[in-house]
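Structure record follows, encoded as structure tokens.
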Amino acid sequence: MYKVLIIDDEVLVRVGLKTTINWEDIGFTVVAEGSNGEQGYEQYKKHMPDVIITDIRMPKKDGLWLVEEVRKENADVKILVLTCYDEFSYARKALKVGADDYILKSEVEDEELISIMNKIKNKIEVLNKKKDKHDQVKKNTSDMKRALFNDMIKLDFAIDNKVTQRCKNLEFPYNDTRFSFVNIVIEKHQGENQEDKERFRQIKQAVINIFHEQLNEKNIDFLFISYKKKYNYLLSSPKLSISELKRIFLSVSNAAKQYFDISVNIIYTNPIKESIKLGSSYKEFIKKTQISFYRDEHILSIVNTNNIEFNDVNVFDLRKSYNKQVIELIGQESIEKTSRLIGDISNYFRDNDINPKIAKIFYSNLIGDIFNSYGQLYEDNTNISNLEYYHYQIINAEIQKEVIQLLEDFIAEVVGVLKNLTHDHSKLLVNRAINYIENNYQQKISLEDVANNLNLSKHYLCNIFKKEVGKTMSLYINNLRIEQAKKMLLKPDNKIKEIFEKVGFSNQQYFSKVFKKITGMTVMEYRDSKNI
């Protein structure tokens with residue numbers, strides 16, 4: 001079904017047009033209507049109809065304005081204007097600015113309207129056939145260019161008779177020329193609805209068309225492949241130079257900012273003189289384009305790959321430096337401090353040009369450590385996805401900003417779970433911890449040992465233990481040990497040098513120090529006070 005939009009300021013005219021004929025019988029459907037040019041243009045943008053039927057004289061913006069606005073961006077939509085006997089001058093103006101035909105309001109009857117709409121339908125179908133044929137030819141050429149591009153970047157690429165013929169057929173110079181690889185990323189938040197996405201697609205195409213025009217003006221031939229917001233080019237020209245490339249890139253970037261308020265990020269190589277080096281050059285080029293992981297989508301960036309050098313760092317050392325701090329701050333339920341620390345980490349990666357692969361591995365490990373520390377507490381929470389989901393999102397993220405947002409959202413969910421845990425749940429965990437301590441205080445147990453036994457983060461366990469008991473776990477363990485030691489000291493046969501080991505202290509000197517601190521007496525003073 002072809003879509004029809006009706007615009008007229010008279011309600012009865014709109015109703016009449018919709019009900020005069022059975023639109024579906026002749027292959028059309030009325031998708032929307034409007035009462036003036038402004039409303040009509042809004043409905044046009046929303047529905048993208050195949051046919052617009054519009055009155056000329058209307059309040060606010062009239063039909064002539066509507067025809068002109070639509071024709072600025074769409075030469076294919078068919079426009080039929082409605083007119084009266086005394087408005088032929090308006091009808092002529094409408095035809096002059098882009099209307100396809102007109103019809104007298106007094107003649108809007110079954111047969112007349114059906115006849116005109118059938119003519120319009122025939123024109124649409126002829127146009128579609130031409131477009132299909134043109135698009136197919138264009139698609140075939142594009143497919144061949146993509147195939148040639150993919151072959152020329154292989155490590156074992158060599159010019160043979162078949163490649164020579166393919167280059168000639170596509171008019172792509174391969175001999176006595178210079179090459180350059182270019183990566184273009186067009187930045188713009190697409191929005192969630194289909195209209196925003198379609199608008200961004202049109203903007204991307206407009207920017208790419210500007211780039212192609214610049215290349216054609218300078219007689220630079222090109223092949224390219226595209227995916228999402230990225231475009232990779234292979235340029236070819238005997239006179240290719242860095243200065244010329246910079247001028248082209250700057251011109252495209254300025255146009256994108258001026259006309260569409262978007263940023264274009266470009267990475268390019270120095271001219272390559274030998275085609276045999278294309279494969280190895282492309283491999284190195286792709287590695288260097290990973291620097292765009294740290295790009296700011298609001299800032300223009302034009303970078304030569306010769307100025308890109310990645311630094312490596314030991315992931316284990318990074319994990320040791322940062323993960324413990326992050327997990328501890330989560331245990332303190334401090335989203336603000338955690339966010340600042342995550343920001344410091346991201347700045348470190350960006351400012352030191354750390355290989356993005358290392359950064360992604362670090363972020364994935366950090367998520368994994370948070371899962372290990374707190375996973376038991378939110379395993380039934382449907383707002384928090386599984387570890388595999390986060391790992392996939394991080395590895396496939398295009399920019400670090402996306403990873404940071406993912407990480408901050410995840411941490412906020414975890415902290416939310418911790419805050420919402422009931423007092424009874426916390427008390428149950430602490431009772432389990434106390435039970436473990438009372439059964440194992442004779443051993444050299446630590447906070448970490450208790451936390452591991454309960455499968456909890458030691459920072460979180462420490463936090464809730466102090467809230468419930470009123471003292472740290474270390475102090476609780478030492479108090480328990482000293483109480484047991486006091487009982488043993490009441491028996492004369494128990495020697496002091498044996499008691500400290502039986503209650504879990506590693507040496508007698510430390511035992512004596514803790515005993516004095518808790519009881520206010522030395523071990524001997526305590527025994528003497530009990531007349532033993």
Side-chain angles (χ1 to χ4, degrees), residues 141-142 145-146 148-155 157-159 163-164 166-187 204-226 229-260 262-292 294-295 299-310 353:
T141 303
S142 297
K145 285 187 174 182
R146 277 194 296 271
L148 180 60
F149 183 105
N150 287 324
D151 286 341
M152 294 184 80
I153 60 176
K154 291 177 180 177
L155 290 175
F157 171 74
I159 296 286
V163 173
T164 299
R166 290 167 66 192
C167 289
K168 285 182 178 179
N169 292 340
L170 295 171
E171 298 181 348
F172 184 74
Y174 62 91
N175 211 3
D176 297 325
T177 189
R178 308 176 88 189
F179 302 96
S180 177
F181 288 110
V182 179
N183 170 263
I184 297 180
V185 179
I186 301 173
E187 299 288 0
K204 278 197 305 180
Q205 191 56 55
V207 173
I208 290 302
N209 288 341
I210 293 172
F211 182 49
H212 291 178
E213 288 172 7
Q214 290 280 322
L215 295 175
N216 290 331
E217 281 182 17
K218 303 296 183 182
N219 294 317
I220 299 174
D221 293 282
F222 58 90
L223 306 172
F224 76 97
I225 54 177
S226 63
K229 295 183 290 187
K230 298 181 181 179
Y231 296 78
N232 283 345
Y233 283 81
L234 173 59
L235 309 184
S236 176
S237 172
K239 298 180 180 180
L240 203 63
S241 67
I242 293 178
S243 58
E244 187 172 60
L245 288 175
K246 283 183 177 179
R247 282 194 293 271
I248 292 172
F249 299 149
L250 193 58
S251 177
V252 173
S253 297
N254 289 339
K257 195 67 180 175
Q258 179 181 349
Y259 297 128
F260 308 111
I262 62 173
S263 295
V264 176
N265 291 276
I266 300 172
I267 300 173
Y268 67 100
T269 67
N270 283 340
I272 303 162
K273 297 179 181 179
E274 300 174 57
S275 61
I276 196 170
K277 293 182 178 180
L278 289 177
S280 57
S281 297
Y282 186 76
K283 184 178 180 181
E284 185 64 20
F285 167 71
I286 290 300
K287 285 182 182 177
K288 296 292 184 71
T289 59
Q290 292 179 57
I291 195 68
S292 62
Y294 298 118
R295 70 184 181 268
I299 298 176
L300 166 66
S301 175
I302 300 174
V303 185
N304 187 304
T305 53
N306 274 18
N307 299 324
I308 300 172
E309 288 297 334
F310 289 127
D353 292 329

How long is the gap from NZ on K283 to CD1 on I153, to the nearest 0.5 Å?
12.5 Å
For T289 and I286, indicate whether the former's side chain and the latter's backbone hold a donor-acceptor pair under 3.5 Å.
yes
Given side chain to side chain contact (heavy atoms under 4.5 Å, CB included), test I184 with I186 step by step and report yes or no.
CA-CA 7 Å; I184 297 180; I186 301 173; 4.1 Å; yes
E284 CD to S281 OG distance, which is reported to the nearest 0.5 Å
8.5 Å
Contact summary for S180 and T269, nearest pair of heavy atoms:
OG-O, 2.9 Å
If every non-hydrogen atom of F310 is compared with every non-hydrogen atom of K287, which pair is closest and at what distance?
CE1-O, 3.2 Å
N/O donor-acceptor pair under 3.5 Å between R295 side chain and S292 backbone
yes
To the nearest 0.5 Å, how far apart are CG in L223 and CG in L234?
5.5 Å
May I have the step-by-step check of side chain to side chain contact (heavy atoms under 4.5 Å, CB included) for E244 and I220, ending in yes or no?
CA-CA 10 Å; E244 187 172 60; I220 299 174; 3.9 Å; yes
With a 4.0 Å cut-off on N to O distance, would you call E274 and K277 a salt bridge?
yes
Set out, in order, the CA-CA distance, both residues' side-chain angles and the distance that settles side-chain hydrogen bond (donor to acceptor under 3.5 Å, both in side chains) for N209 and E213, then state yes or no.
CA-CA 6 Å; N209 288 341; E213 288 172 7; over 6 Å; no
Can you name the one residue among I267, N183, V303 that meets side-chain contact (heavy atoms from CB on, under 4.5 Å) with I291?
I267
Please tell me whether N232 and Y282 have a donor and an acceptor in their side chains that are separated by less than 3.5 angstrom.
yes
Go through the steps for K246 and Y268 under the test side chain to side chain contact (heavy atoms under 4.5 Å, CB included), then give the verdict.
CA-CA 9 Å; K246 283 183 177 179; Y268 67 100; 3.1 Å; yes
If the test is side chain to side chain donor-acceptor pair (under 3.5 Å), which one of T177, N175, D221 qualifies with S236?
T177
Mind listing the closest non-hydrogen atom pair of L278 and M152 along with its distance?
CB-O, 3.4 Å
With rounding to the nearest 0.5 angstrom, report the CG to CD distance, D353 to E309.
9.0 Å
On a heavy-atom basis, which atom in P271 and which in S241 lie closest, and how many Å separate them?
CG-CA, 4.3 Å
Verify, without hydrogens or angle tests, whether K257 (side chain) and S263 (backbone) share a donor-acceptor contact under 3.5 angstrom.
no
Return the CG to OG distance between N265 and S253, rounded to the nearest 0.5 Å.
8.0 Å
Hey, could you give me the CG/OG1 distance between N270 and T305, rounded to the nearest 0.5 Å?
6.0 Å
For the pair D151 and R166, evaluate side chain to side chain contact (heavy atoms under 4.5 Å, CB included) and give the outcome as yes or no after the intermediate values.
CA-CA 11 Å; D151 286 341; R166 290 167 66 192; 2.8 Å; yes
Ring centres under 6.0 angstrom apart (Y231, H212):
no
What is the ring orientation for F211 with F249, classed by angle as parallel under 30°, tilted 30 to 60°, or perpendicular over 60°?
tilted
